[in-house]
Amino acid sequence: MADRRADFSALLEPELDALWRFAERMCWEGGTAEDCVQEAVLTAWRKFEAFSVGTNFRAWVFRILVNTIFNANNSLRRRLRVTDRGADLDLVAALEREEAYEHVLADPERVLSRVSDELRGAVKSLPQAERMVFLLRAIEGFSYREIADTLEIPMGTVMSHLFRARARLREFLADHVRESGSPRRVPS
Amino acid sequence: MTTLRCEQARAMLMAYLDSELDANATLSVTEHLKGCAGCRERFEREGRLEQALVATLREETMPADVRARVLDALPGHAPRRMRRRPRPRLPVRREALAFAAAAVLLVAAGLYLYPFGRVDGPPLALRATASHRAAFASSDGLVPPERVDALLRGAGFGELPIAHGGFVNGHMVELLGARREDLAGVPVIHLVYECCDVPASVFLMRRADFEELPVGLRPVLVEGASLDEVDDLLDVRFARRGDLVLAAVGDGHHLEPASPLL
Ligand SMILES: [Zn+2]
Ligand SMILES: [Zn+2]
């Protein structure tokens, strides 16, 4: 038991920041991130007997966290399955035409350094399904396949949610540039 | 390899940057970028933006007091000297309530989902889930995993490689036990699993028996019925092996009898 506990802690502790980051952005509308993580960690510990060491602990524990969030949020599973692919292309086209977005692309670090707090807010205001996929892919680095398996949705749906989340965040950055005036062009 | 136009290349931009394109598509995009300065610049800039975005959002770490509380709550952990705040439960963990609500929903869905082949009562899949939930709580008459093989032999199903669980396709599946049941006169073995903390059932029966059941009473959804609708509430998959049929019934949760279980 003591050994098993030590194994568990050794695997868990490096993932706590990631679990927290994810829960903090997914659970803020209801319940608290701490409760989500606490619940998921206790579930993981109860299930740990059955975890085969050598397989992907990170994916395993994230799946438990995702299921904890699903339990607390009845409609999220359904929302994850719904996408409207047609709208994707319009979003791209709109962005590509925008001058403000060109400014974002010209110096992203500079734009981001000015809006990092607002950006966190923008992430939290993404639709839940898009947010979940975006966080799993862009921030936590899971593959499309792993996300599709974890969320039990098709790959195409993963891509669609991801695409939209990214487009919305880009829109947000372009809006910021538009409102605050275009940054002075950095001489190249 | 195909030659891409700019808009085709750009449509693959994100998947390319995510390294999610297959080898052929990756090669096509790479070739296009070699010969197209416009796209090359676009890809580089988008990549840089995405990196900066992710770097900003990845900074967050778990506060030390939260970390301490989470670790302290684990059994066998020497508590640190820190006052524990009473932990409110997640709002939706009141399982009994959730079960009752699910049962009501399931019955309602049953009427809606079977536009053809009018049946008496809700489809078995739905009913099975509701009753299984009750059974799950009581585990009445459940034969423990180590005696499931004997149960199958005794019921005339012979030797079957029934999985006792493990880490399957990213899911923690665990066999809790099994029992013989009678579904509208058809003998079945009801295997009770738990997957990621959610109960899931697998029904094992003979194909001939399965086909004898009225369509609406089979523990699977009939082709042509709206699977998407029911998908929200439960997930039913089935597999065939020789003259046997396996039907898995989960709770909005997947369990693939084809891969792990048989
Ligand atoms: Zn091009
Ligand atoms: Zn599962």
Side-chain angles (χ1 to χ4, degrees), chain A residues 1-2 5 8-9 13 16-17 19-21 24 30-32 34-39 41-43 45 47 50-52 55-56 59-60 63-64 67-68 71-74 77-78 81 92 104-106 108-109 112 116 119-120 123 137-139 143-144 146 149-150 152 159 162-163 166 169-170, chain B residues 10-11 13-15 18-20 41-42 45-46 48-63 66-67 69-71 73-77 85 87-93 95 98 101 165-167 169-174 194-198 228 231-232 235 252-254:
Chain A
M1 161 85 181
R5 249 317 301 277
F8 183 69
S9 297
E13 292 194 26
L16 283 174
D17 284 337
L19 294 171
W20 170 256
R21 219 161 38 208
E24 199 268 326
T32 71
E34 181 172 344
D35 291 331
C36 282
V37 174
Q38 181 76 270
E39 186 94 12
V41 165
L42 288 172
T43 303
W45 167 241
K47 302 261 156 189
F51 173 75
S52 28
T55 57
N56 189 344
W60 180 72
R63 186 186 286 276
I64 292 174
N67 280 319
T68 307
N71 286 344
N73 187 337
N74 283 328
R77 263 181 200 283
R78 177 166 13 91
R81 294 194 175 102
V92 182
V104 174
L105 283 180
E109 291 85 0
L112 283 164
S116 58
L119 176 67
R120 291 192 176 87
V123 168
R137 168 63 228 181
I139 311 304
S143 69
Y144 294 179
E146 285 173 315
D149 289 348
T150 297
E152 295 162 13
M159 290 164 79
L162 181 60
F163 182 88
R166 281 169 163 163
L169 292 178
R170 280 159 175 72
Chain B
R10 291 186 187 200
L13 188 154
M14 275 303 167
D18 283 338
S19 309
E20 291 274 3
E41 193 194 356
R42 186 80 190 185
R45 288 171 141 203
E46 281 286 357
R48 202 173 129 211
L49 169 60
E50 183 70 11
Q51 253 178 16
L53 202 77
V54 167
T56 306
L57 293 170
R58 221 178 246 167
E59 274 162 16
E60 215 144 318
T61 56
M62 186 182 234
V66 177
R67 178 178 285 260
R69 280 195 296 271
V70 166
L71 292 175
L74 288 169
H77 195 274
R85 140 184 111 83
R87 201 166 62 78
R89 306 285 303 170
L90 283 175
V92 193
R93 289 298 298 202
E95 270 154 328
F167 189 55
N169 196 21
H171 274 241
M172 187 52 65
V173 182
E174 192 186 348
E194 195 187 31
C195 185
C196 305
D197 242 3
V198 178
D228 279 357
D231 225 30
D232 271 353
D235 209 355
H253 193 78
H254 92 176

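In the text below, chain A, chain B and the rest are named by the order of the sequence lines, each starting its count at 1.
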Hey, mind stepping through B:R42 and A:L105 against side chain to side chain contact (heavy atoms under 4.5 Å, CB included) and telling me if it holds? CA-CA 9 Å; B:R42 186 80 190 185; A:L105 283 180; 3.7 Å; yes

List the steps, then state whether side chain to side chain contact (heavy atoms under 4.5 Å, CB included) holds for B:R48 with A:E109. CA-CA 9 Å; B:R48 202 173 129 211; A:E109 291 85 0; 2.8 Å; yes

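Using a 4.5 Å cut-off between heavy atoms, A:L112 touches chain B through its side chain atoms alone. Contact annotation for B:A15: both backbone and side-chain heavy atoms come within less than 4.5 Å of a heavy atom of chain A. Heavy-atom distances place no part of A:L19 under 4.5 Å from chain B, backbone and side chain included.
The shortest side-chain heavy-atom distance between B:R67 and A:D17 falls under the 4.5 Å cut-off. You'll find the side chain of B:D18 reaches within 4.5 Å of the side chain of A:L162, heavy atoms only. Proximity of B:L57 to A:R120: side-chain heavy atoms (C-beta onward) are separated by under 4.5 Å at one or more points.
In terms of the salt bridge (charged side-chain N to carboxylate O under 4.0 Å, His left out) criterion, B:R58 has no residue partners (sequence neighbours excluded). Residues satisfying the salt bridge (charged side-chain N to carboxylate O under 4.0 Å, His left out) test with A:R170, not counting sequence neighbours, are B:E46, B:E50.
Considering every non-hydrogen atom in both A:W20 and B:V66, the closest pair reads CZ3-CG1, 3.8 Å. The shortest non-hydrogen separation linking B:T56 to A:S116 is CG2-CB, 3.6 Å. When all heavy atoms of A:Q38 and B:A73 are compared, the pair lying nearest together is OE1-CB, 3.2 Å.
Checking side-chain atoms of A:R21 against main-chain N and O of B:E59 turns up no donor-acceptor pair under 3.5 Å. The backbone N or O of A:Y144 lies less than 3.5 Å from a partner atom in the side chain of B:E20, making a donor-acceptor pair.
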